[in-house]
Each structure stands twice: as C-alpha cells, then as structure tokens.
Amino acid sequence: MAKEGAQRAEETEQMIDKEGGREAAEGGSLRAGDAKEMRAVVLSAFGGLNKLRVSKKAMPEPQEGELKIRVKACGLNFIDLMVRQGNIDNPPKTPLVPGFECSGIVEALGDSVKGFEIGDRVMAFVNYNAWAEVVCTPVEFVYRIPDDMNFSEAAAFPMNFVTAYMMLFEVANLREGMSVLVHSAGGGVGQAVAQLCSTIPNVTVFGTASSFKHEAIKNSVTHLFDRNADYVQEVKRISADGVDIVLDCLCGENTGKGLSLLKPLGTYILYGSSNMVTGETKSFFSFAKSQWWQVEKVNPIKLYEENKVIAGFSLLNLLFKQNRGGLIKGVMDKLLHLYNSKKIKPVVDSLWALEEVGAMQRIHDRGNIGKLILDVEKAPTPLMANDSTETSEAGEEEEDHEGDNENKERMPFIQ
C-alpha cells in the first residue's frame with residue numbers, strides 16, 4: 001500500500017507544470033490578448049489517469065455570442081471518466097481538455113452578448129474544455145450565481161440538479177404521493193433527486209448506495225438499501241405494487257429489475273451506464289461490455305399491456321446536439337428559485353487542485369458523497385495518493401468486498 005501511494009504521489013508531482021505559474025489565475029486582465037497562456041488539464045490519449053496532465057495552452061477569446069469566464073471551480077462527473085477512457089459514442093479526437101461545467105467570473109464579452117457584465121459571478125455548461133483557468137461558452141449556457149452560493153457549490157449545481165429535475169418533472173411528471181427508486185443515492189445526482197423529491201408532499205424515496213455511505217445519507221431518503229442487496233424484494237416488501245419512477249444510472253441487469261418494479265403508468269428512466277465501467281482503461285472493458293447482454297429485450301407489446309413507460313435522458317445531448325438550451329434555461333430559473341428559497345443545496349464531497357484530477361478515481365470507486373470539485377486556485381497536496389485517490393484498478397466492483405469497508409470510508413475533505 002505504501003509503495004502504491006508513493007508511486008501515485010510521484011505521478012501527481014509529475015503532473016505539476018513547474019514552469020507554469022499562477023499569473024493568469026491571480027491577476028488576469030480584462031483586456032483580450034493581454035494573457036496568452038493558461039493552465040488546463042489535457043487528456044493526451046484515451047486511457048488511464050496517466051493520460052491526464054496539467055499543461056499550458058493558448059487562452060481562448062470569446063467569439064460572437066460567447067462569454068469568456070475566469071474559472072474558479074469545475075465539476076467532476078462520471079461522464080468525464082467515460083470520456084477519459086474513450087468509452088462513449090463518437091469520442092472527440094485527443095488531445096482535448098475534458099469537463100462540462102464550471103463556475104467563475106465573466107472576464108470578457110463577445111459581440112452581441114447581452115444580459116451579462118464583466119465581473120459577474122456565473123456558472124456554465126461547456127462543451128468540453130471546462131477543466132482550465134479560462135473558458136469561452138455561448139451565453140445561452142451561462143447562469144448567474146446567487147449571492148450566497150460559493151464557486152464550489154456553483155460548479156456542483158448545473159449537471160446534477162438539471163439532470164435530476166428534468167427526469168423527475170419533465171420526463172416522469174412527479175406528483176404528490178408518488179414513489180421513486182434512485183440508484184447511487186449518495187452521488188451528486190442521487191442527492192439532487194432526494195432534495196427535489198422533498199419539495200413535493202408525501203413522496204417516498206427508495207435509494208441504493210454502498211453501505212459505508214448509509215450513515216451520511218440516511219436522512220435524505222425514505223428507505224435506504226445496500227447496493228449489493230436484493231433491492232427488488234426489499235422494495236416490494238415495503239410497497240407490494242412497486243414504485244412510480246425508477247431512475248437508473250447503472251444499466252446491465254438493473255434494467256430488467258427496474259422495469260419489474262414499475263407500477264402501472266410508471267416510468268423507468270436510464271440516464272447512465274456505470275455498470276459498464278469496471279476498469280481504469282477501456283482495454284479492461286471487454287468483459288464489462290458483455291453486460292449489455294444482461295439487458296432484457298423490451299417488448300413494446302408488453303409495455304402496452306402493462307401500461308409502463310421506458311425513457312432515456314442525456315443532458316449533454318439535449319444541450320449540445322439537440323439545441324434545447326432555452327428549455328434548460330427555464331429549468332435553471334426554477335432550480336435557482338428553489339435554492340434561494342432554501343429548499344435545495346448542492347452537496348460538495350471534496351475539493352482538489354487541477355493537478356489532483358486523479359481524484360476522479362474516487363468517483364470510479366463510488367467513494368464520493370455528492371460532487372467532487374476541481375478548485376482552480378487550490379495548491380496541490382503532494383501526497384494526495386495517501387488520501388482518497390489511492391484506489392485499485394478494479395474500480396467500482398472493489399466495493400463488493402465487505403472486508404474493504406474501512407478502506408472505503410470517506411477521507412477528510414481537502415479544502
């Protein structure tokens with residue numbers, strides 16, 4: 001263990017660009033062209049954590065309709081892990097800068113941009129390139145940060161809460177008295193789902209999560225089950241008819257289980273496939289991909305006879321491929337109203353420097369409760385490997401070993 005920790009620490013030190021200072025982050029000018037370079041996390045090729053490195057890149061300037069944002073914090077999501085491994089449909093070419101959400105300060109405005117001023121505190125969706133000191137993104141993907149929300153919370157807000165809201169209210173039409181089953185209840189989306197369900201009277205939330213998370217999240221859901229337990233029987237023991245909504249980020253055999261739990265007129269929504277990921281690199285996935293064969297074939301006639309609905313949801317496709325930025329803007333307005341009313345609040349698991357992007361392994365091993373954040377201004381911790389990023393290549397499946405529970409306990413936040 002010590003040897004592995006030392007090796008990971010050495011890799012972390014190698015990621016630090018010793019030649020690059022923090023001049024851009026600490027004293028960036030508002031005038032376009034003053035600062036020519038920035039620090040960014042670059043994915044050199046698809047694969048393991050060793051393919052990520054902090055490097056200098058040319059600083060972007062806003063095009064027409066875009067804002068230039070001096071980034072303060074970035075969100076780490078499971079989709080970023082999939083991108084790193086190239087385990088997505090039509091992956092972009094490398095090298096690339098990963099990341100899809102960030103928060104920061106408006107530094108410059110492109111032509112025709114209205115509604116924002118230089119100096120505004122904002123959070124934003126970005127079509128890649130978020131893990132950098134500076135990003136440019138279209139104005140339709142940018143939202144003001146409430147006064148009492150810090151940058152870390154803002155970076156944890158868009159992806160998780162918009163995904164949760166869209167699934168619950170736009171797709172499944174959550175109403176008073178309904179019931180919801182959500183997998184990975186301790187993750188960022190899972191916690192957002194739990195909070196949003198609490199805004200509707202008499203909603204019963206069933207959640208699955210690793211056992212070591214139960215104490216921390218037990219008050220956020222109505223009924224909590226171990227992720228390795230027979231949750232189908234546990235749910236039916238409490239609610240013989242099943243549930244109204246199933247939110248599945250796992251896929252594989254859980255698809256059939258979820259459909260079997262639906263009440264008449266119930267809705268099953270697939271929004272991820274984390275069970276397809278069992279190794280650090282794509283080369284380890286051949287066995288995991290075979291889990292697609294565990295997905296039961298959906299018979300449309302059976303759906304018709306049983307009055308069940310099956311749906312899928314991809315926020316990034318909705319934003320960047322299907323041009324629904326206006327719809328998402330309306331959802332964000334509703335979510336910010338809920339935040340300002342003290343009804344929802346993003347859960348931040350821990351903060352990491354750009355050079356500590358290897359902390360994404362914590363997501364891979366399902367060690368996080370809430371959102372992992374890259375803090376652009378944070379200095380790296382040299383021995384980060386001895387904290388929460390020292391994990392095995394076996395990834396998520398390692399959690400199945402009961403004897404590892406002590407090693408899976410949440411490590412202290414790095415703040």
Side-chain angles (χ1 to χ4, degrees), residues 8-26 28 35-60 68-88 91-104 123-137 151-152 155-156 158-159 280-281 316 349-364 368 371-382 384-385 387-389 414:
R8 185 66 61 82
E10 182 179 353
E11 291 176 359
T12 303
E13 291 289 351
Q14 290 174 352
M15 289 177 64
I16 301 175
D17 187 352
K18 293 185 174 63
E19 298 300 322
R22 293 180 176 268
E23 296 88 351
E26 295 175 354
K36 299 297 183 182
E37 291 185 321
M38 65 176 183
R39 293 160 58 243
V41 177
V42 177
L43 179 66
S44 59
F46 297 121
L49 295 172
N50 62 343
K51 302 300 182 182
L52 293 166
R53 181 178 296 274
V54 175
S55 303
K56 285 184 177 180
K57 284 185 64 68
M59 184 177 296
K68 179 180 179 181
I69 301 170
R70 175 67 60 175
V71 176
K72 297 294 185 180
C74 325
L76 281 166
N77 298 287
F78 198 89
I79 186 64
D80 298 314
L81 187 152
M82 305 283 282
V83 168
R84 191 199 78 207
Q85 297 164 334
N87 199 42
I88 58 174
K93 293 181 179 180
T94 56
L96 61 87
V97 176
F100 297 100
E101 63 182 338
C102 65
S103 62
M123 50 188 160
F125 291 109
V126 188
N127 194 7
Y128 292 97
N129 299 307
W131 295 354
E133 290 182 319
V134 174
V135 302
C136 292
T137 194
F151 287 116
S152 297
M159 286 278 286
E280 183 181 341
T281 63
L316 294 180
D349 176 87
S350 48
L351 307 180
W352 306 85
L354 286 180
E355 290 82 3
E356 296 171 334
V357 70
M360 69 191 311
Q361 186 72 18
R362 187 171 173 86
I363 302 176
H364 191 279
N368 60 300
K371 191 67 156 274
L372 270 71
I373 298 295
L374 293 179
D375 183 338
V376 175
E377 296 182 340
K378 183 183 181 300
T381 304
M384 60 170 286
D387 294 316
S388 57
T389 56
I414 294 184

Do the side chain of [X] and the main chain of [Y] share a donor and acceptor less than 3.5 angstrom apart?
X    : Y    : result
W131 : G75  : yes
E133 : R39  : yes
E355 : P380 : no
R84  : G47  : yes
E356 : T381 : yes
S44  : K51  : yes
S152 : A73  : no

For the atom pair [atom1] ([X]) and [atom2] ([Y]), what is the distance rounded to the nearest 0.5 Å?
X    : Y    : atom1 : atom2 : value
D349 : R362 : CG    : CZ    : 4.0 Å
S55  : L354 : OG    : CG    : 11.0 Å
N77  : F100 : CG    : CZ    : 8.5 Å
L81  : I88  : CG    : CD1   : 11.5 Å
Q85  : D80  : CD    : CG    : 11.0 Å

Taking all heavy atoms of [X] and all of [Y], pick out the closest pair and write down the distance.
X    : Y    : value
V135 : C102 : CG2-SG, 3.8 Å
V97  : A40  : CG2-CB, 4.1 Å
L372 : A359 : CD2-O, 3.2 Å
P91  : F46  : CB-CZ, 3.7 Å
L76  : I363 : O-CD1, 3.6 Å
P98  : L43  : CG-CB, 4.1 Å

Taking C-beta and beyond as the side chain, do S350 and N368 meet within less than 4.5 Å on heavy atoms? no
Flag the pair L374 / W352 as yes when at least one side-chain heavy-atom distance between them is below 4.5 Å, and no otherwise. yes
With side chain to side chain contact (heavy atoms under 4.5 Å, CB included) as the test, would you mind laying out the steps for M123 and E101 before giving the verdict? CA-CA 7 Å; M123 50 188 160; E101 63 182 338; over 6 Å; no
Intermediate values then yes/no, side chain to side chain contact (heavy atoms under 4.5 Å, CB included), M82 and N87: CA-CA 5 Å; M82 305 283 282; N87 199 42; 3.6 Å; yes
For M38 and V71, what are the C-alpha separation, side-chain angles and deciding distance, and is it a side chain to side chain contact (heavy atoms under 4.5 Å, CB included)? CA-CA 11 Å; M38 65 176 183; V71 176; over 6 Å; no
For A156, which residues count as a side chain to side chain contact (heavy atoms under 4.5 Å, CB included) partner, sequence neighbours excluded? P346, V348, K371, I373
Can you check side chain to side chain contact (heavy atoms under 4.5 Å, CB included) on T137 and N129, steps first, answer last? CA-CA 9 Å; T137 194; N129 299 307; over 6 Å; no
